[in-house]
Amino acid sequence: LHLSIRRQRQMCIRDRSRTSIGAIEFDTITFTSGEVKEPVDRNFIVEGAPFTMRGVCYQPTPIGSNSGANEPFWDYYTNTYSALYERDLALLRSMGANTIRIYGWNETADHSDFLDACYNNGVDPIYVLINRWINPTTNWLDTSAVNQIGNTFLSIDSRLGNHPAVIGLILGNEANIQNGNDEKPSFWNAMNTIAGRIKSQTPSRQISIAITDAIPSIAAFDDVLPNIDFWSIQTYRGVTLGNFFNQYSLASDKPMILSEFGMDNWDNTNSIAYPDNGQFIADTVSNLWLEIETNSSISAGGCVFEFSDEWWKGQGSPTIQDSGGFVQGGFPDSTSNEEWYGLFEISLTSGGGPNTLSPRASFGALQNLWLGESSSLSNISTRGRVGIENSIMIGGFVIEGSENMEVLIQGVGQELIGSPNLDATNTLSDPSIFLVNSAGEFIADNDNWQSDKSAEKLQAMGCLLYTSDAADE
């Protein structure tokens, strides 16, 4: 529809058929196709306000575990695995993430500690999209089979109650591309029926289906899915999302998130990990996020795939990180390697315990986008001779302002040896730090930084001056 206005306040088009009302003269208007719609409100609402999802797909599978074949079947969110999420939630907050999308949830297990840790009493909460696998080979015309799936989700929903960390339930994961489900009205009707049963129990629950980049199916079945509140689309188009957002806007008026997006860190063409700690992937993921952000009127955000590498996903052993993959159009090497998507690499930890995480460039790139340049660290240092008893080294600093701030204090000894700028001799072999306030009251101490509760977070942020084997603080 194109209208032009003359100075005589007439709206004119090419034909000569006119209608006059009062002092305003305008032409007869003809629509060539489609219809005029009011602006579409696709906001995703959390706690009463529009929400932009800065999300990360989170399935922290340890080396040697096969989540698809063995316990806990993707559910790492009970007390049994608290060491994993206690390691990871601080890292997620440090990068500015506000949502995690998970893939497994046992309907009989207690997840309250995990959800409480995510919500964090409302301080920098990390909201949770809860996902449960659905067997794609189900006979969708079998009422009892569909009801059984519904009963599982009803149990999950009932145990969740009104926990504030939970912002939605996602039905299945890419079940639409298997068993011919994409074109089966019975599949989509089953999803709507299951969602309707959940809503009958908890009317406020937001419900979605995780599907592939199948926008024609959305266009075909959107109108028969009134119980689906928003679409969760998993798209891997390569270094750009292209016309994805325009295509979606023509297919549905519902809110939409990208429940998976990204690119793997393995260059299959050259059989190596992308160099410079995956800088090319960091640039790609950053550009994809900027496309999502630019199209915020259509998309409510997304979840980058994924938090950490998963060694079980390829054809080989879960104790070895394989480089095999499958054909993926749009990727520079035409291959998707599912064991290499992590924002963090994983490695075995000496002495046992949760795997050690090492951040790739993508972590810092998203951190800069999600938190801004103001998130960078400032550094003030003191170098001096340290004695014993009354000759110990005492350093002080003043923090101004009324808000809480995070401060990193490091006592560096051995790591100064060989430093290009600070090469020193007679360094301490094993320094210790004791922190007191202005009244001389003890606050904290540390002897060997690996024992500190924030060790994983500090290492991932790249702000430590020493190696993992150092005895510094």
Can you confirm whether Asn243 is buried at CG, in the sense that more than 12 heavy atoms of other residues, nucleotides or ligands lie under 6.0 Å from that atom?
yes

Quick check: does any side chain N or O of Gln367 sit under 3.5 Å from a backbone N or O of Ser94, one acting as donor and the other as acceptor?
yes

Drop me the distance from Asn337's CG to Met263's CE, to the nearest 0.5 angstrom.
11.5 Å

Least distance between heavy atoms, Trp188 atom then Asn181 atom:
NE1-O, 3.6 Å

In the structure I gave you, are the side-chain heavy atoms of Leu343 and Leu91 within less than 4.5 Å of one another anywhere?
no

Do Ser158 side-chain atoms and Ser155 backbone N/O form a donor-acceptor pair below 3.5 Å?
no

Step by step, would you call Leu357 with Ile346 a side-chain contact (heavy atoms from CB on, under 4.5 Å)?
CA-CA 5 Å; Leu357 302 176; Ile346 56 175; 3.6 Å; yes

Answer yes or no: are there more than 12 heavy-atom neighbours, outside Asn70 itself, under 6.0 Å from its atom CG?
yes

Closest contact, heavy atoms only, Ile170 versus Asn131
O-ND2, 2.9 Å

Verify the distance criterion only: is there a donor paired with an acceptor across the side chains of Asn106 and Arg159 at less than 3.5 Å?
no

Pro125 vs Asn120 side-chain heavy atoms within contact, under 4.5 Å
no

Tyr85/Cys118 under side-chain contact (heavy atoms from CB on, under 4.5 Å): CA gap, chis, key distance, verdict
CA-CA 9 Å; Tyr85 57 78; Cys118 288; over 6 Å; no

Mind listing the closest non-hydrogen atom pair of Ala210 and Gly172 along with its distance?
CB-O, 3.4 Å

side-chain contact (heavy atoms from CB on, under 4.5 Å) evaluation trace for Ile207 with Asn227
CA-CA 7 Å; Ile207 304 173; Asn227 295 318; over 6 Å; no

Report yes or no: does Arg205 contribute a side-chain atom to a donor-acceptor pair with the main-chain N or O of Ile198 at less than 3.5 Å?
no

Hey, could you give me the OG/CG distance between Ser317 and Asp322, rounded to the nearest 0.5 Å?
7.5 Å

Can you confirm whether the side chains of Glu291 and Asn295 place a donor and an acceptor under 3.5 Å from each other?
no

Taking the side chain from Glu339 and the backbone from Gly314, do they hold a donor-acceptor pair closer than 3.5 Å?
yes

Exercise: identify the closest heavy-atom pair between Gln206 and Ile45
NE2-O, 3.1 Å

Quick check: do Asp75 and His111 have side-chain heavy atoms less than 4.5 Å from each other?
yes

Short side-chain to backbone donor-acceptor contact, Trp340 and Glu345, under 3.5 Å
no

Would you say Asp333 and Trp266 are linked by a side-chain donor-acceptor pair, where the criterion is simply a distance under 3.5 Å?
no

Decide, yes or no, whether a salt bridge links Lys254 with Asp229 under the criterion of side-chain N to carboxylate O below 4.0 Å.
no

Report the C-alpha distance between Trp370 and Asn98 in whole Å, list the side-chain angles of each, state the deciding distance to 0.1 Å, and finish with yes or no for side chain to side chain donor-acceptor pair (under 3.5 Å).
CA-CA 10 Å; Trp370 289 351; Asn98 61 15; over 6 Å; no

Step-by-step side chain to side chain donor-acceptor pair (under 3.5 Å) determination, Glu47 to Tyr127
CA-CA 11 Å; Glu47 297 188 2; Tyr127 296 100; 3.2 Å; yes

Calculate, to the nearest 0.5 Å, the distance between atoms CD and NZ belonging to Gln321 and Lys313 respectively.
12.5 Å

Are any non-hydrogen side-chain atoms of Ile211 and Gln234 less than 4.5 angstrom apart?
no

Evaluate the side-chain proximity of Leu129 to Ile167: yes if any heavy-atom separation is below 4.5 Å, no if none is.
yes

Which atoms form the tightest heavy-atom contact between Tyr341 and Ser336, and what is the distance?
OH-OG, 2.7 Å

Between Asp309 and Arg360, does at least one N-O distance fall below 4.0 Å, as a salt bridge requires?
yes

Give, for atom CD1 of Ile100 and atom CD1 of Ile126, the distance between the pair rounded to the nearest 0.5 Å.
6.5 Å

So does Ser259 get a backbone contact from the side chain of Arg101, meaning a donor-acceptor N/O pair under 3.5 Å?
yes

Taking the side chain as everything from C-beta on, heavy atoms only, tell me whether Leu160 gets closer than 4.5 Å to Thr202.
no

Side chains of Tyr58 and Asp88, donor plus acceptor under 3.5 Å:
yes

Under the ring pair (Phe, Tyr, Trp, His ring centres under 6.0 Å) test against Phe114, which residue among Tyr81, Tyr77, Tyr119 passes?
Tyr77

Without hydrogens or angle criteria, can the side chains of Asn176 and Asp182 be said to hold a donor-acceptor pair below 3.5 Å?
yes

Do Tyr236 and Glu260 have side-chain atoms, one donor and one acceptor, less than 3.5 Å apart?
yes

Between the CD1 atom in Ile149 and the CZ atom in Arg132, the distance rounded to the nearest 0.5 Å is 10.0 Å

Could you check whether any side-chain N or O of Asp267 sits under 3.5 Å from a backbone N or O of Tyr274, counting only pairs where one atom can act as donor and the other as acceptor?
no

Is it true that a side-chain atom of Asn355 and a backbone atom of Pro62 form a donor plus acceptor pair closer than 3.5 Å?
no

For the residue pair Phe230 and Phe44, categorise the inter-ring angle as parallel (less than 30°), tilted (30 to 60°) or perpendicular (more than 60°).
perpendicular

Tell me if a side-chain donor or acceptor on Arg54 pairs with a main-chain N or O of Met95 at a distance below 3.5 Å.
no

Taking Pro359's backbone N and O only, do any of them form a donor-acceptor pair with Asn277's side chain (distance below 3.5 Å, no angle check)?
yes

To the nearest 0.5 Å, atom OG of Ser299 lies from atom CZ of Phe244 at 7.0 Å

Would you mind reporting whether Glu338 and Asp264 have side-chain heavy atoms less than 4.5 Å apart?
no

Heavy-atom nearest pair, Ile215 first then Ala251, reads CG2-CB, 3.7 Å

With a 4.5 Å limit on heavy-atom distance, are the side chains of His163 and Ser112 in contact?
no

Output, in order, the C-alpha distance, side-chain angles, deciding distance and verdict of side-chain contact (heavy atoms from CB on, under 4.5 Å) for Phe245 and Ile292.
CA-CA 8 Å; Phe245 298 100; Ile292 294 170; 4.0 Å; yes

